[in-house]
Each structure stands twice: as C-alpha cells, then as structure tokens.
Amino acid sequence: MHALAKDFGILVWHGYELLDKLRSAKVVDPPLIREIYEALETNGDLPKTWQEAKHTVFLKIFGPKAR
C-alpha cells in the first residue's frame, strides 16, 4: 500500500499519526488513547511503529520508555 501511494504521490498516515491529530484537535483524550493502546496490546495487534510512538509521540501520556 505504501509503495502504491508513493507511486501516486499520496501521503500515507500511520494510525498513531491520525490518533495524534485527533488528540490535538481534542476529539480524543488521554484516557481514550490509553484504552486504545491497551486494546491493541491485549489483542497482540500493536505494530512496531505504534510501540515506538507510545513513548515519543505520546510521551506526555505514557512517559519515557522504561530501561
């Protein structure tokens, strides 16, 4: 899908990027973001990009990554 979008010059957003835009527009709040992450983790559906975004994009919600 990404390659096809690139061929047509279409910008592709990852789900976490859309979630961040919804957060900044105050459509979703931190408790809902936590709930979404919890559901993805519980179902084993948390992609690597979302894992990385958890402690970078959503740093104020989840804090820094534990070492």
Side-chain angles (χ1 to χ4, degrees):
M1 288 296 278
H2 288 267
L4 183 60
K6 184 177 179 182
D7 288 345
F8 286 94
I10 299 170
L11 179 65
V12 176
W13 282 7
H14 289 274
Y16 72 85
E17 293 171 315
L18 176 58
L19 187 60
D20 186 41
K21 294 291 183 189
L22 291 169
R23 181 196 53 79
S24 66
K26 302 196 185 314
V27 175
V28 299
D29 58 1
L32 182 55
I33 293 172
R34 284 188 205 95
E35 192 176 321
I36 291 168
Y37 263 89
E38 184 179 318
L40 289 170
E41 289 171 342
T42 299
N43 293 325
D45 290 332
L46 192 65
K48 184 179 179 181
T49 54
W50 279 69
Q51 291 172 20
E52 294 167 357
K54 183 175 182 177
H55 299 287
T56 55
V57 175
F58 301 110
L59 180 65
K60 291 183 180 179
I61 297 170
F62 296 105
K65 189 173 185 177
R67 295 180 184 207

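- For the pair K65/Q51, no side-chain contact is recorded, criterion being any heavy-atom separation below 4.5 Å from C-beta on.
- Minimum heavy-atom separation, L59 to P64: CD1-N, 3.4 Å.
- In this structure, the ring of Y37 has its center less than 6.0 angstrom from the ring center of F62.
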side-chain contact (heavy atoms from CB on, under 4.5 Å) assessment of Y16 paired with D20: CA-CA 6 Å; Y16 72 85; D20 186 41; 5.8 Å; no
Residue pair L19, W13: steps toward the side-chain contact (heavy atoms from CB on, under 4.5 Å) verdict: CA-CA 10 Å; L19 187 60; W13 282 7; over 6 Å; no
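- Checked by atom type and distance alone, the side chain of N43 pairs as donor or acceptor with a backbone atom of A39 at under 3.5 Å.
- Residues passing the side-chain hydrogen bond (donor to acceptor under 3.5 Å, both in side chains) test with E41 are K54, sequence neighbours excluded.
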Verdict with supporting geometry, V12 and M1, side-chain contact (heavy atoms from CB on, under 4.5 Å): CA-CA 9 Å; V12 176; M1 288 296 278; over 6 Å; no
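- Proximity of a side-chain donor or acceptor of E52 to a complementary backbone N or O of T49 within less than 3.5 Å is not detected.
- A distance of 12.0 Å separates CG of L18 from CZ of R23, quoted to the nearest 0.5 Å.
- Within 6.0 Å of CD on E38 lie no more than 12 heavy atoms contributed by other residues, nucleotides or ligands.
- Atom CD1 of residue I61 and atom NE2 of residue H55 lie 11.5 Å apart, to the nearest 0.5 angstrom.
- Interatomic distance, CD1 of I10 versus CG of L4, reported as 7.0 Å (0.5 Å rounding).
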